[in-house]
Amino acid sequence: MSHLETYERCESNPIGPRLRLVVFVLSAVVLLPTIRPQGPSSYRPTGFALERDEGTVLYDSLRWARGELIYRDFFTFQTPGFYATYALAFAALPEPTVESARALNLLVTALGSVWLAMCVARLAGRAAAFSAAAVHVTLLVAIWPIPYPHWLAETFALGGLVALCEPRFGPRRAAVAGACFAACGATIQSLGFPVLAAGGVATVALAWGASRARMARAAAAYVVGVAAVVGPIFVYFGARGALADLAYQTWVWPFANYAAGNADAMFYAADVATHVREHGVLPPPIAWLAQTGIHATWVLPLIAVIGGVAGLIGAVLRAVRGRGATRPMVATLVAAAAVLPLFSERTRADVVHLGFVGSFGLVAWAACSGAADGRRRGWRGRSVTLVLVALAVVTSSAFAWKAVESGRSTHAWSVRDHVRRLAQRHRGTSGLWSLIEARADPTDTIVVAQDPGFFYLYLRPAAIPITMIPLGPSDDYFTRAQWRWMADSIATRRPVALAIGTYQWRRLALARPDLAAVYRLEGGFYVRDPSGPNLPRRGRWRGPSRP
């Protein structure tokens, strides 16, 4: 049975609107416990409180909502899709709470579950589709169930896959796929740019063997969809004089500097063994179920690569015969493109980042199954479905147990109270909160390096144009221009305290030696001297658009 016949027989077994709504609602309900602190996670035996990276991206979104322009006024190395989405949400809310941001992420990931189920249903049937959605929610999203750009990017990519796998693929579907993949690239470069390129190849491959006019229309529609997303971004930042900053921070800096601060997690499955061992503290059989899920996390991207190779070979063979590729083939090509950056040594490949793209392994697994419809399914289709059902049972059981346990120990909380508790127990910073309460008014700014810097930043105006400063020495992570950017901002804003390490202070003082006349070391923190001189302003810095 050919791939095309397989696909056509699966067309009669999609997930209709009612079942899509069921998948969406169930996904949202299952993820509901993750909104509260210490909610369940498949990544850790204990749940998530406020996370460093979560606070960093949310605070940067808040900065944009409050009038600062991303890239020009503050630094971030990810493309603007996530920040624009959450900035709009914060601007519409009376108070930008952590809970509201997590609730929005819940809706985004639930939509991703629906699109994943739709894609898998076209390839392997309903049972596989529902099982894939369950694995997505209880294993992959549960690895990092907090607002983060990768989840929004993944959802856009799955939307593009749905368009490619529609039965009657034409210019309209091609335009939708192009827009979705472009939106993915506008959210996370490492995921979006590969799938954007693969989506273009897939569009042409689907139309291959037809008339030249049909191929041209499909390719042109794809480009129009891409331009509909990318064009407004260029116009917006170009009109505000920030296009060079956007290009440098999202393209030049990641290639030149990102790896310097992330060498510990650049090799594939960097920390899988650690997290498997950590889950050993749970009671059996929950520990075994949770550990099985962790192992599945690093296997799924490998399945996507294997599927992509198979899909590429099949597509080439069909092209030689003058025929277009089938939907399963192009689905595996896009899935493989989504995970390939994990092997580039330019992207983190720890458990969390494997989880961000694990859903594409589910797509490839379904596409390679050779499954027919539910009444006449081949042995490969039945095997894939059974494996997906078993994995869904395993991950759902472990997640449900963790959800119940977290519910027993979690109470209502406020951001300020939670921040105070975290500050009091975190790496000897118990005195910092008291210092802030005693010496700083609500408009005063502070600077805290990496952990737990965002806790304070979330409650106060920003003092520097870079939200997170790594604690460890990393001469190549930030450029000299960026250190000077931070030092000039400190000299201008005069934050009440700098909770930073000696390395960070040395780099700042090297950029602005006159800071030593304003700050003195007191109780482990660099505290502003009220009698210190006013430092000269060095003009408005527009951001390090060049190294």
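All residue numbers in this chain count up from 1 along the given sequence. Only this structure's heavy atoms are used, side chains among them; waters, hydrogens and symmetry mates stay out.
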Would you confirm whether [X], through its side chain, and [Y], through its main-chain N or O, come within 3.5 Å as a donor-acceptor pair?
X	Y	value
Gln78	Ile188	no
Arg126	Ile15	no
Tyr59	Ala462	yes
Thr385	Arg382	no
Arg63	Ile70	no
Thr79	Thr187	yes
Lys402	Arg44	yes
Thr297	Val351	no
Ser396	Val393	no
Thr467	Asp60	no

So [Y] and [X], do their side chains get closer than 4.5 Å, heavy atoms only?
X	Y	answer
Phe82	Pro147	yes
Phe193	Cys184	no
Val114	Ser27	no
Leu191	Phe156	no
Phe360	Pro301	no
Val305	Phe343	yes
Arg20	Met118	yes
Pro80	Trp64	yes

To the closest 0.5 Å, what do you measure between [atom1] ([X]) and [atom2] ([Y])?
X	Y	atom1	atom2	answer
Leu111	Leu116	CG	CG	11.0 Å
Arg506	Gln504	CZ	CD	9.0 Å
Ser41	Ile143	OG	CD1	7.5 Å
Tyr83	Leu58	OH	CG	9.5 Å
Leu106	Leu32	CG	CG	6.5 Å
Thr347	Gln189	OG1	CD	9.5 Å

- Kindly indicate, with the supporting measurements, whether the criterion side-chain contact (heavy atoms from CB on, under 4.5 Å) is fulfilled by Phe24 and Ser113. CA-CA 7 Å; Phe24 181 87; Ser113 295; over 6 Å; no
What is the minimum heavy-atom distance between [X] and [Y], and which atoms define it?
X	Y	value
Pro341	Pro194	CG-CG, 3.7 Å
Thr395	Thr138	OG1-OG1, 2.9 Å
Val23	Ala133	CG1-CB, 4.1 Å
Trp151	Val108	O-CG1, 4.0 Å
Val363	Leu158	CG2-CD2, 4.5 Å
Asn257	Asp476	ND2-O, 2.5 Å

- Message: side-chain contact (heavy atoms from CB on, under 4.5 Å) for Ile294 and His279? Distances and angles first, verdict last.
- Response: CA-CA 9 Å; Ile294 293 294; His279 279 81; 4.3 Å; yes
- The side chain to side chain contact (heavy atoms under 4.5 Å, CB included) partner of Ser359 among Thr155, Leu139, Leu140 is Leu140
- Message: Looking only at side-chain N and O atoms, does His136 offer a donor or acceptor that is under 3.5 Å from a partner on Glu154?
- Response: yes
- Any luck finding a side-chain donor-acceptor pair between Gln482 and Tyr477 under 3.5 Å? no
- Task: For this output row, return yes or no: ring centroids of Phe75 and Tyr71 closer than 6.0 angstrom.
- Result: no
- Query: Can we call the ring centroids of Phe77 and Tyr258 under 6.0 Å apart?
  - Reply: yes
- Heavy-atom count around Trp298 CH2 within 6.0 Å, excluding the residue itself: above 12? no
- Return the orientation label for the Trp144 and Phe356 ring planes: parallel under 30°, perpendicular over 60°, tilted otherwise. perpendicular
- Message: My understanding is that only residues two or more places apart in sequence, or in another chain, count here; which of them pass side-chain contact (heavy atoms from CB on, under 4.5 Å) with Ser131?
- Response: Leu388, Val389, Ala392
- Task: In plain terms, say whether Glu54 and Arg102 are close enough for a salt bridge, that is, a side-chain N and a carboxylate O under 4.0 Å apart.
- Result: yes
- Item | Worked verdict on Val448 versus Ile500 for side-chain contact (heavy atoms from CB on, under 4.5 Å) | CA-CA 6 Å; Val448 187; Ile500 59 178; over 6 Å; no
- Please lay out, stage by stage, how Val137 and Phe399 fare under the test side-chain contact (heavy atoms from CB on, under 4.5 Å). CA-CA 9 Å; Val137 171; Phe399 184 81; 5.6 Å; no
- Item | salt bridge (charged side-chain N to carboxylate O under 4.0 Å, His left out) partners of Asp350, counting only residues at least two apart | Arg348
